[in-house]
*Asks:* 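Dropping a structure here in structure tokens format, bear with me for questions.
Just so we're clear, the structure is a prediction, and the values are computed from it rather than from any experiment. Sequence lines set the chain letters: A, B, ... in the order given, protein chains first and strands last, and positions in each chain run from 1.
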Amino acid sequence: MKLDTTGLESALPLFGTNCQMVDGFTAAPAFDLPTTLDFDGFQKEAIQMVKPAKGTTTLAFIFKEGVMVAADSRASMGGYISSQSVKKIIEINPYMLGTMAGGAADCQFWHRNLGIKCRLHELANKRRISVTGASKLLANILYSYRGMGLSVGTMIAGWDETGPGLYYVDSEGGRLKGPRFSVGSGSPYAYGVLDSGYRYDMSIEEAAELARRAIYHATFRDGASGGVASVYHVGPNGWKKLSGDDVGELHYKYYPVTPSTVEQEMVEVSGA
Amino acid sequence: MSIFEYNGSALVAMVGKNCFAIASDRRLGVQLQTIATDFQRISKVHDRLFIGLSGLATDAQTLHQRLMFRHKLYQLREERDMKPETFASLVSALLYEKRFGPYFCQPVIAGLSDGDKPFICTTDSIGAKELAKDFVVAGTAGDSLYGACEAMFKPDMEPEELFETLSQALLASVDRDCLSGWGGHIYVVTPTEVKECTLKGRMD
């Protein structure tokens with residue numbers, strides 16, 4: 001299996017062989033494969049290490065005014081909440097966003113790598129890369145690492161010359177084009193709200209509220225999702241962060257506490 | 001995830017000045033999915049004795065029914081309520097009966113014994129009693145609860161301060177646990193009254 005190492009090649013042009021100063025930079029970095037007797041067993045363990053990692057809720061959908069992207073912000077290790085403030089929407093470049101689900105390190109590294117390749121494409125071809133092209137670049141890299149234990153479940157959302165674009169890409173090598181996606185352990189709950197409230201011709205505020213409500217509902221039902229519901233909008237001029245609401249407060253905004261009738265009133269008892 | 005973490009729970013009891021408080025979370029889940037947000041984990045045995053059962057919810061319900069049965073029999077025979085120390089021994093014996101096929105529960109017992117002295121204790125799933133003078137914890141959020149209680153506990157707190165302290169300790173701990181939370185339930189018991197409150201917490 002030939003690994004696609006184009007993601008790791010240095011962008012520096014090769015100098016003459018007599019220049020020792022840049023030797024460290026020009027040598028293409030490579031991921032060392034471990035020297036074990038049982039490589040398959042090692043791979044299986046590596047996969048099991050990140051398996052419980054997809055505890056999250058992210059969603060994205062295309063509508064009349066562009067693409068709406070939303071995510072929660074909780075990181076969990078088994079039952080323990082390790083952080084309530086993780087950035088799960090990654091800004092690849094000013095007009096493209098990626099969502100993070102699965103291994104945080106994997107998502108962060110490969111999204112940044114994708115950003116580098118998109119910029120190189122712009123410089124080489126004097127025009128922005130399309131969302132189709134960017135998602136294909138990522139999908140091909142992930143396919144070549146298939147079975148090695150990477151855990152990436154991401155959506156690439158952006159606006160290019162053909163209009164809004166949304167692709168789902170995962171570490172099994174899958175790449176799907178579609179109008180609505182939700183990824184993560186909370187995705188069934190988010191789909192419930194998203195699918196029933198979705199209309200193509202919503203305004204930006206309505207779409208943001210739908211996305212926020214879907215993430216809130218997933219954080220309510222799913223134990224591995226929570227924290228802050230961030231909502232981003234990708235329009236013709238690039239992406240813009242619309243809101244970041246704490247879901248603990250969102251619950252009481254949607255369901256305010258109403259004073260209830262008294263069931264049992266305390267009475268004075270003589271000689272307790 | 002282990003069988004103790006199947007439903008998710010958080011339980012804590014704390015001692016004050018001639019009073020005690022016992023608190024729990026309100027979530028009932030099936031692994032990561034939340035099924036109910038109003039599950040009762042603490043029940044009253046009699047006016048001065050409360051028991052909370054953490055762990056697998058079905059075992060908690062069955063164990064609760066068996067304990068209520070035994071206590072009612074005791075009341076009929078002895079014509080009085082059980083003392084907390086006696087009740088704790090009863091719980092321990094019932095759990096050890098199932099030593100080789102245990103109930104997957106960890107009970108927390110809290111009561112006022114003779115002279116209005118508060119009594120708290122917890123046992124593990126096979127009946128090892130652990131008496132404490134300050135606080136006892138149980139459930140999936142147990143480790144966080146230990147930390148929070150250790151930091152916030154002061155000896156000889158009045159009922160109002162005890163309520164405040166225990167509520168804050170519980171809510172802070174369940175906010176670090178995926179499997180418990182979604183509100184809180186707290187009972188503050190003094191020799192003259194029992195105060196029951198529902199706590200407003202994060203619903204994620």
*Asks:* Checking D143(B) against chain A: side chain, backbone, both or neither under 4.5 Å from a heavy atom?
*Replies:* neither
*Asks:* Less than 4.5 Å apart, any side-chain heavy atom of M203(B) and any of V247(A)?
*Replies:*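 No, too far: nothing below the 4.5 Å cut-off.
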*Asks:* Would you say E78(B) has more than 12 foreign heavy atoms packed within less than 6.0 Å of its CD?
*Replies:*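 Yes, the 6.0 Å shell around CD holds more than 12 heavy atoms from other groups.
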*Asks:* Between R202(B) and Q84(A), is a side chain to side chain contact (heavy atoms under 4.5 Å, CB included) present by the stated rule, with each step listed?
*Replies:* CA-CA 12 Å; R202(B) 284 184 68 97; Q84(A) 290 268 58; 3.9 Å; yes
*Asks:* More than 12 heavy atoms of other residues, nucleotides or ligands under 6.0 Å from CZ of R80(B): is that the case?
*Replies:* yes
*Asks:* Rounded to the nearest 0.5 Å, what's the gap from CH2 on W182(B) to CZ on R221(A)? Could you check?
*Replies:* 10.0 Å
*Asks:* Indicate the atoms forming the closest heavy-atom contact of C178(B) with A224(A), along with that distance.
*Replies:* SG-CA, 4.4 Å
*Asks:* Hey, does the side chain of R176(B) reach the backbone of S82(A) with a donor-acceptor pair shorter than 3.5 angstrom?
*Replies:* yes
*Asks:* Enumerate by number any residue of residues 11-36 of chain B whose heavy atoms lie under 4.5 Å from heavy atoms of chain A; in the absence of such residues, state 'none'.
*Replies:* L32(B), Q33(B), T34(B), I35(B)
*Asks:* With sequence neighbours excluded, tell me which residues meet salt bridge (Lys or Arg N to Asp or Glu O under 4.0 Å) with D116(B).
*Replies:*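 Per chain and number, D116(B) pairs via salt bridge (Lys or Arg N to Asp or Glu O under 4.0 Å) with R48(B).
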*Asks:* Tell me if the CZ atom of R180(A) is crowded by more than 12 foreign heavy atoms within 6.0 Å.
*Replies:* yes
*Asks:* Measure the spacing between CG of L250(A) and CG of D204(B) and express it to the nearest 0.5 Å.
*Replies:* 10.0 Å
*Asks:* Highest number of heavy-atom pairs under 4.5 Å with chain B: which of P188(A), S83(A), A218(A), G227(A)?
*Replies:* G227(A)
*Asks:* Pick one of side chain, backbone, both or neither for S180(B), based on which atoms fall under 4.5 Å of a heavy atom in chain A.
*Replies:*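 For S180(B), neither part sits under 4.5 Å from chain A.
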*Asks:* Against chain B, label Y216(A) side chain, backbone, both or neither, depending on which of its atoms sit under 4.5 Å from a heavy atom there.
*Replies:*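 Neither part; nothing is under 4.5 Å.
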*Asks:* Check the surroundings of atom OH in Y74(B): do more than 12 heavy atoms from other residues, nucleotides or ligands lie under 6.0 Å from it?
*Replies:* yes
*Asks:* When you compare the side chain of F220(A) with that of T37(B), does any pair of heavy atoms fall below 4.5 Å?
*Replies:* yes
*Asks:* For residues Y252(A) and G201(B), report the shortest heavy-atom separation together with the two atoms involved.
*Replies:*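 Scanning both residues, the minimum pair turns out to be OH-O, 2.9 Å.
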